[in-house]
Student: 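Dumping the structure here so I can ask a few things about it.
Treat the numbers as computed from the prediction; the structure is a model and nothing was measured. All values below were derived from every heavy atom in this structure, side-chain atoms included, with hydrogens, water molecules and symmetry-related copies excluded. Chain identifiers are assigned alphabetically (A, B, ...) following the order of the sequence lines, protein sequences preceding nucleic acid strands; residue numbering begins at 1 within each chain.
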Amino acid sequence: MRLSEFFLPTLKEVPSDAQIISHRLMLRAGMIRQSSAGIYSWLPLGLRVLRKVEKIVREEQDAVGAQEVLMPTIQPADLWKESGRYDDYGAEMLRIKDRHKRELLYGPTNEEQITEIVRAHVRSYKDLPKLLYHIQWKFRDEVRPRFGVMRGREFLMKDTYSFDNSYEEARISYNKMFVAYLRTFARMGLQAIPMVADTGPIGGDLSHEFIILADTGESEVYCHKDLLGFDVMSEEVTDDQSLQLIVDRWTSLYAATDEKHDLSEAEKHGESLLNARGIEVGHIFYFGTKYSEAMKATVSGPQGETIFPEMGSYGIGVSRLVGGLIEAFHDDDGIVWPDAVAPFHIGILNLKSGDSACDQACINLYRSLQTNGIEVLYDDRTERVGAKFADMDLIGVPWQVIIGPRSLKNGVVELKKRATGEREEIALDAVLERFIN
RNA sequence: CGGAGCGUGGCGCAGUCUGGUAGCGCACUUGACUGGGGGUCAAGUGGUCGUAGGUUCAAAUCCUAUCGCUCCGACCA
């Protein structure tokens with residue numbers, strides 16, 4: 001992408017509405033614009049990141065055998081009356097009427113919808129287990145939206161639903177999601193810690209929140225500091241037993257959110273207990289037959305008996321993660337994207353647009369990187385160099401190739417790593433090869 | 001939902017108390033000079049002062065209503 005053509009409205013000054021760093025940076029970097037309270041438009045740069053996050057989430061879901069579906073944003077109220085949640089959910093649920101005065105709602109979550117689908121099409125215990133997920137926009141009419149996309153009213157969520165024949169099987173589904181979540185966040189460079197959590201209005205008796213630590217986090221959390229050193233990517237899952245071992249390992253140390261914090265239990269850990277603020281990026285629940293019973297979703301068992309499937313639901317706030325990532329990865333100059341979610345991998349800075357040697361060197365490199373499938377943002381604008389550096393740093397492109405007439409005379413360019421600010425001189429000819437590997 | 005505050009060009013703000021030509025910085029346009037970390041000079045474009053009603057010779061400014069947004073608290077991916 002050429003920056004001169006890219007729709008990237010960056011801001012030098014921050015809109016006064018934005019209070020926390022991720023919100024400020026998302027506005028300044030031209031990622032989002034607010035539409036109304038807690039509702040945002042995603043501009044090209046922000047959307048690229050959102051898609052990358054979404055892709056990682058999807059890949060890890062697929063990897064454990066979850067199958068993607070896409071359920072609607074608008075749901076009939078009847079479904080929610082069946083489960084009993086139409087009244088329970090309260091004002092947070094956006095209720096609407098269509099032209100025939102039929103009651104509808106903008107889905108805040110999809111337990112009812114998925115249960116309806118499963119009960120209509122799954123008849124036998126042999127059809128289970130099933131893990132189904134979708135990535136869809138949700139709406140929750142928060143009393144007080146804030147922190148940009150971190151607590152929006154409209155947000156993109158991945159929600160998975162598990163259906164199993166027994167508690168034992170349901171635990172396996174739960175474990176699969178548990179580990180898939182650890183991997184999902186780890187791939188984005190985030191250390192997410194599973195913490196014992198409240199089940200809230202979704203109900204159930206087994207639940208973990210996945211929390212990333214950040215000073216601006218909304219919840220107060222407590223955990224054993226050794227958890228921060230755990231690495232899920234080195235763990236290998238071969239069967240249900242090894243899956244259980246990983247879950248056991250991660251749940252062996254104390255970790256709880258404020259609501260579930262147990263003072264006497266925590267005191268045993270003394271010095272090793274960490275008290276910090278955290279951002280909830282995922283939440284998994286096992287809730288048994290709550291919905292299958294309420295909505296009469298059943299399958300036939302081996303003896304022809306009626307089985308109410310054991311269910312769980314598993315959410316990742318995809319749009320929130322974009323904000324969470326920025327909270328975790330930024331410095332004074334702007335965003336510092338981890339490679340896995342960076343909107344572009346390389347930025348090219350033409351320090352003298354209009355100089356034929358510079359232009360030629362830049363365009364050649366730009367094209368060859370593109371040809372090799374590397375996402376590259378070429379700043380070909382006739383801006384002052386300071387503005388180019390500032391913009392490239394602000395939007396957080398991990399690698400910057402700096403091409404100017406001075407060094408180009410020797411066939412050399414500068415390569416700057418955004419995260420550390422380190423620069424090295426490198427032959428122009430060597431840049432492509434460097435990034436293909 | 002309780003408490004507080006703010007709506008003036010794309011962004012950041014002054015002007016409101018004490019009514020009288022709508023202003024500043026950034027951004028944007030044009031030209032020139034420039035060019036290794038948000039440049040300099042010159043000339044420009046852009047505003048129903050959130051909306052509606054009222055008071056007044058006269059309203060961004062006073063009054064009333066209303067809408068929107070933000071912050072603090074209680075709730076949540």
Student: Tell me, which of residues 208-223 of chain A have any heavy atom that sits under 4.0 Å from an atom in RNA chain B?
Tutor: none
Student: For RNA chain B, which residues of residues 17-48 of chain A approach it to below 4.0 angstrom with any heavy atom?
Tutor: A:Asp17, A:Gln19, A:Arg28, A:Gln34, A:Ser36, A:Ala37
Student: With C1' as the reference atom in both, quote the distance from B:U21 to B:A58 in angstrom, rounded to an integer.
Tutor: 13 Å
Student: In the structure shown, which nucleotide is the Watson-Crick or G-U wobble counterpart of B:U29, with both distances under 3.5 Å?
Tutor: B:A43
Student: For a quick check of understanding: with a heavy-atom distance under 4.0 Å over all strands, which category does A:Gly152 fall into, base, sugar-phosphate or nothing?
Tutor: base
Student: Out of A:Gln136, A:His283, A:His134, which residue meets the side chain to side chain donor-acceptor pair (under 3.5 Å) rule with A:Asp159?
Tutor: A:His134
Student: Expressed in whole Å, how much space separates the C1' atoms belonging to B:C11 and B:A27?
Tutor: 7 Å
Student: Between the base of B:G37 and the side chain of A:Arg423, is there any donor-acceptor pair under 3.5 Å?
Tutor: yes
Student: Testing the 3.5 Å rule here: is there a donor-acceptor pair between the side chains of A:Arg85 and A:Tyr291?
Tutor: yes
Student: Check nucleotides 25-34 of chain B for protein N or O atoms closer than 3.5 Å to its own N or O atoms and list the pairs.
Tutor:
residue	atom	partner	partner atom	Å
B:G25	N2	A:Glu13	OE1	2.8
B:U34	O2	A:Arg384	NH1	2.7

Student: Is there a side-chain contact between A:Val14 and A:Arg28 (heavy atoms, below 4.5 Å)?
Tutor: yes
Student: Tell me which one of A:Lys81, A:Arg95, A:Lys97 satisfies side chain to side chain donor-acceptor pair (under 3.5 Å) with A:Glu103.
Tutor: A:Lys81
Student: Just checking, is any N or O donor in the side chain of A:Ser83 or A:Glu112 under 3.5 Å from an acceptor N or O on the other one?
Tutor: yes
Student: Using only heavy-atom distances, determine whether the side chains of A:Tyr286 and A:Glu310 contain a donor-acceptor pair under 3.5 Å.
Tutor: yes
Student: May I ask which nucleotide in the shown strands pairs with B:G9, Watson-Crick or G-U wobble, both distances under 3.5 Å?
Tutor: none
Student: Using distance alone, with no hydrogens and no angle criterion, decide if A:His208 and A:Tyr181 have a side-chain donor and acceptor under 3.5 Å apart.
Tutor: no
Student: Side chains of A:Val221 and A:Ile193: closer than 4.5 Å at any heavy-atom pair?
Tutor: no
Student: Would you kindly give the CZ-to-P distance between A:Arg140 and B:C75, to the nearest whole Å?
Tutor: 16 Å
Student: Who does B:A22 pair with, Watson-Crick or G-U, both distances under 3.5 Å?
Tutor: none
Student: Just jot down the side-chain contact (heavy atoms from CB on, under 4.5 Å) partners of A:Asp62, sequence neighbours excluded, or say none.
Tutor: A:Arg58, A:Tyr133
Student: Taking atom P in both B:C49 and B:G54, what distance in whole Å separates the two?
Tutor: 16 Å
Student: Any cation-pi pair here, A:Arg140 with A:Phe155, using under 6.0 Å and within 45°?
Tutor: no
Student: Reckon A:Val143 touches a base, only the sugar-phosphate, or nothing at all at heavy-atom distances under 4.0 Å?
Tutor: base
Student: Could you list by number each residue of residues 62-84 of chain A showing a heavy-atom separation from RNA chain B of less than 4.0 Å, or answer none if no residue does?
Tutor: none
Student: What's A:Asp159 touching, base or sugar-phosphate or nothing? Going by heavy atoms closer than 4.0 Å.
Tutor: nothing
Student: Provide, to the nearest angstrom, the distance between the CD1 atom belonging to A:Ile402 and the P atom belonging to B:G35.
Tutor: 18 Å
Student: Could you state the atom-to-atom distance from CZ of A:Arg144 to C1' of B:G2 in whole Å?
Tutor: 12 Å
Student: With a non-hydrogen cut-off below 4.0 angstrom, is A:Val14 in contact with a base, only sugar-phosphate, or nothing?
Tutor: sugar-phosphate
Student: Is there a side-chain contact between A:Met195 and A:Cys223 (heavy atoms, below 4.5 Å)?
Tutor: yes
Student: Let's test this: given Watson-Crick or G-U wobble pairing with both distances under 3.5 Å, identify the partner of B:G38.
Tutor: none
Student: CZ of A:Phe389 versus C1' of B:G35: gap in Å, rounded?
Tutor: 12 Å
Student: Take atom P in B:G19 and the same atom in B:G25, then report the distance between them in whole Å.
Tutor: 28 Å
Student: If you look at every strand shown and take non-hydrogen atoms under 4.0 Å, does A:Gly404 touch a base, only sugar-phosphate, or nothing?
Tutor: base
Student: Any donor-acceptor pair under 3.5 Å between the side chain of A:Asp393 and the base of B:G37?
Tutor: yes
Student: With a 4.0 Å cut-off on heavy atoms, is A:Pro108 in touch with a base, just the backbone sugar-phosphate, or nothing at all?
Tutor: nothing
Student: Report yes if some heavy atom in the side chain of A:Leu325 is under 4.5 Å from a heavy atom in the side chain of A:Leu190; otherwise report no.
Tutor: yes
Student: Between B:U16 and B:A59, how far apart are the two C1' atoms, rounded to whole Å?
Tutor: 10 Å
Student: How far does the P atom of B:G38 sit from the matching atom of B:U51, given to the nearest Å?
Tutor: 40 Å
Student: Give none if B:U56 has no partner; otherwise give the nucleotide forming a Watson-Crick or G-U wobble pair with it, both distances under 3.5 Å.
Tutor: none
Student: Could you check whether A:Glu111 pairs with A:Lys290 (Lys NZ or Arg NE/NH1/NH2 to Asp/Glu carboxylate O, under 4.0 Å)?
Tutor: no
Student: Taking atom C1' in both B:G47 and B:C13, compute the distance separating them and give it to the nearest angstrom.
Tutor: 15 Å
Student: Any strand is fair game: report the nucleotide pairing with B:G73 by Watson-Crick or G-U wobble, both distances under 3.5 Å, or none.
Tutor: B:C1
Student: Does any donor atom in the side chain of A:Asp164 or A:Ser173 lie under 3.5 Å from an acceptor atom in the other side chain?
Tutor: yes
Student: Within the 3.5 Å criterion, strictly below it, is a donor on A:Lys388 or A:Ser353 matched to an acceptor on the partner's side chain?
Tutor: yes
Student: Report, one line per pair, each donor and acceptor closer than 3.5 Å where one atom sits in a side chain of residues 4-13 of chain A; sequence neighbours left out.
Tutor:
residue	atom	partner	partner atom	Å
A:Ser4	OG	A:Asp380	OD1	3.0
A:Ser4	OG	A:Asp380	OD2	2.8
A:Thr10	OG1	A:Asp391	OD1	3.4

Student: I need the NZ-P distance between A:Lys352 and B:G37, as an integer number of Å.
Tutor: 14 Å
Student: Looking across every strand, which nucleic acid part, if any, lies under 4.0 Å from A:Leu11 by heavy atom: base, sugar-phosphate, or nothing?
Tutor: nothing
Student: A:Gln400 CD to B:G38 P: how many Å, rounded?
Tutor: 15 Å
Student: Applying the Watson-Crick and G-U wobble criteria at under 3.5 Å, what pairs with B:C49? Answer none if nothing qualifies.
Tutor: none
Student: Which heavy-atom pair separates A:Pro145 from A:Gly38 by the least distance, and what is that distance?
Tutor: CB-CA, 3.7 Å
Student: Looking across every strand, which nucleic acid part, if any, lies under 4.0 Å from A:Ser407 by heavy atom: base, sugar-phosphate, or nothing?
Tutor: base
Student: What's the CG-P distance between A:Asn350 and B:G35, to the nearest Å?
Tutor: 15 Å
Student: Taking CD from A:Glu142 and P from B:C75, how many angstroms apart are they, rounded to a whole number?
Tutor: 12 Å
